[in-house]
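Down below is the structure, laid out as structure tokens.
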Amino acid sequence: MRTYDAQACPVPLADLRHLTVTHVGFDGRAHRGELVVNADVASDVVGVFEALYTERFPIERMLLIDDYAGDDDLSMAGNNSSSFNCRRVAGSTSWSDHAYGRAIDINPVQNPYVVGDDVRPPAARAYLDADRSAGATGEPGVVREGDVVRREFERIGWQWGGLFTDPDYQHFSLPDA
């Protein structure tokens, strides 16, 4: 973890786990992905990704944040599904849930973070009007009400950022951990 700074990060490296999981890509084939999560959620997260693979929910890319030099904007622009990133909440001095290894972003392009007129990543603007209702069909990789992604993260007690005042459709996190 080249971007990990033991002096700055709120979680010791010993409390994090490196996971390698298989996921279905947008090409329909199996791919190996990597995530770093907090040790206390590692087993649950593996279970979530096993279910996503079994139900063939597509994930375009799953690389460590180091592949993007720790830059969240670059990772989102690359449609990278990721977890640990020792960073603050954008525009804040508070640590992000990602800095604790208890948050995961899924397909950021298909599932944008929206604050007012700002859409992150910019390419996600094309997905602002995606139908996220239960049973909807359409673009692959979009998180929808009642789909396997929502069901599995909710099963382990995580919340979906799509329900936030400023919707963060890509974001799942363990509240008040």
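Distance check, rounded to the nearest 0.5 Å: CZ of Arg17 to CG of Asp40 gives 9.5 Å. Here the CD atom belonging to Gln170 is positioned 4.0 Å from the CG atom belonging to Asp105, to the nearest 0.5 angstrom. Atoms CG and NE2, from Leu63 and His31 in turn, are 11.5 Å apart once rounded to the nearest 0.5 Å. Taking OH of Tyr4 as the start and CG of Leu13 as the end, the distance is 5.0 Å to the nearest 0.5 Å. Distance check: Phe84 CZ to Leu35 CG gives 12.5 Å after rounding to the nearest 0.5 Å. In this structure, CZ in Arg61 is found 9.5 Å from OG in Ser81, a value given to the nearest 0.5 Å.
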Subject >> Asp97 and Trp158: CA distance, side-chain angles, deciding distance, side chain to side chain contact (heavy atoms under 4.5 Å, CB included) verdict >> reply: CA-CA 12 Å; Asp97 291 331; Trp158 289 36; over 6 Å; no
Subject >> Working for side chain to side chain contact (heavy atoms under 4.5 Å, CB included), residues Val114 and Asp166 >> reply: CA-CA 6 Å; Val114 184; Asp166 293 324; over 6 Å; no
Subject >> Tyr53/Val24 under side chain to side chain contact (heavy atoms under 4.5 Å, CB included): CA gap, chis, key distance, verdict >> reply: CA-CA 6 Å; Tyr53 181 78; Val24 173; 3.7 Å; yes
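Listed here is the closest heavy atom pair of Ala51 and Val148: O-CG2, 4.0 Å. Nearest heavy atoms, Gly157 versus Leu174: O-CD1, 3.8 Å. Counting all heavy atoms, side chain and backbone alike, Gln110 lies closest to Phe26 at NE2-CE2, 3.4 Å. Contact detail for Ala103 and His171: the closest heavy-atom pair is CB-CE1, 3.6 Å. The minimum heavy-atom distance linking Ser173 with Pro175 is given by the pair O-CD, 3.3 Å. Closest heavy-atom contact between Asp131 and Arg144: O-NE, 2.9 Å.
The backbone N or O of Arg102 lies less than 3.5 Å from no partner atom in the side chain of Asn38, so there is not a single donor-acceptor pair. A distance-only check finds no donor-acceptor pair linking the side chain of Arg120 to the backbone of Asp73 [under 3.5 Å]. Looking at Ser83, its side chain does come within 3.5 Å of a backbone N or O of Val36 through a donor-acceptor pair. Although no hydrogens or angles enter the test, the distance criterion places a donor-acceptor pair under 3.5 Å between the side chain of Asp71 and the main chain of Leu74. Here the side chain of Asn107 pairs no donor or acceptor atom with the backbone of Pro140 at under 3.5 angstrom. Between the side chain of Asn85 and the backbone N or O of His98, no donor-acceptor pair lies under 3.5 Å.
In this structure the side chain of Pro121 reaches within 4.5 angstrom of the side chain of Val109, judged on heavy atoms. No side-chain heavy atom of Val143 sits less than 4.5 Å from a side-chain heavy atom of Tyr169. Side-chain contact between Phe172 and Ile106: present, with at least one pair of heavy atoms (C-beta onward) separated by less than 4.5 Å. Residues Thr20 and His18 are in side-chain contact: their nearest non-hydrogen atoms beyond the backbone lie under 4.5 Å apart. Using a 4.5 Å heavy-atom cutoff, the side chains of Ile156 and Glu152 are not in contact.
Within a 6.0 Å radius of CG in Asp129, no more than 12 heavy atoms belonging to other residues, nucleotides or ligands are found.
By the rule that hydrophobic residues join a cluster once side-chain heavy atoms approach within less than 4.5 Å of another member, Val115 and Leu163 end up as members of separate clusters. The hydrophobic clustering, which links ILVMFWY residues whose side-chain heavy atoms are closer than 4.5 Å, places Phe57 and Phe153 together. Connection of Ile59 to Trp160 is established within a shared hydrophobic cluster, with ILVMFWY side chains joined at heavy-atom distances below 4.5 Å, either directly or through further cluster members. With hydrophobic clusters built from ILVMFWY side chains whose heavy atoms lie under 4.5 angstrom apart, Val48 shares a cluster with Leu19. Note: the hydrophobic cluster containing Met62 also contains Val37 (ILVMFWY, side chain heavy atoms under 4.5 Å, direct or indirect links).
Figure legend: cation-pi geometry between Arg87 and Trp95 absent, as NZ or CZ is not positioned both under 6.0 Å from the six-membered ring centre and within 45° of its axis.
Judged as a side-chain contact (heavy atoms from CB on, under 4.5 Å), and not counting sequence neighbours, Ala126 has no contacts. Residues passing the ring-ring contact (aromatic ring centres under 6.0 Å, His included) test with Tyr113: none are found, sequence neighbours excluded.
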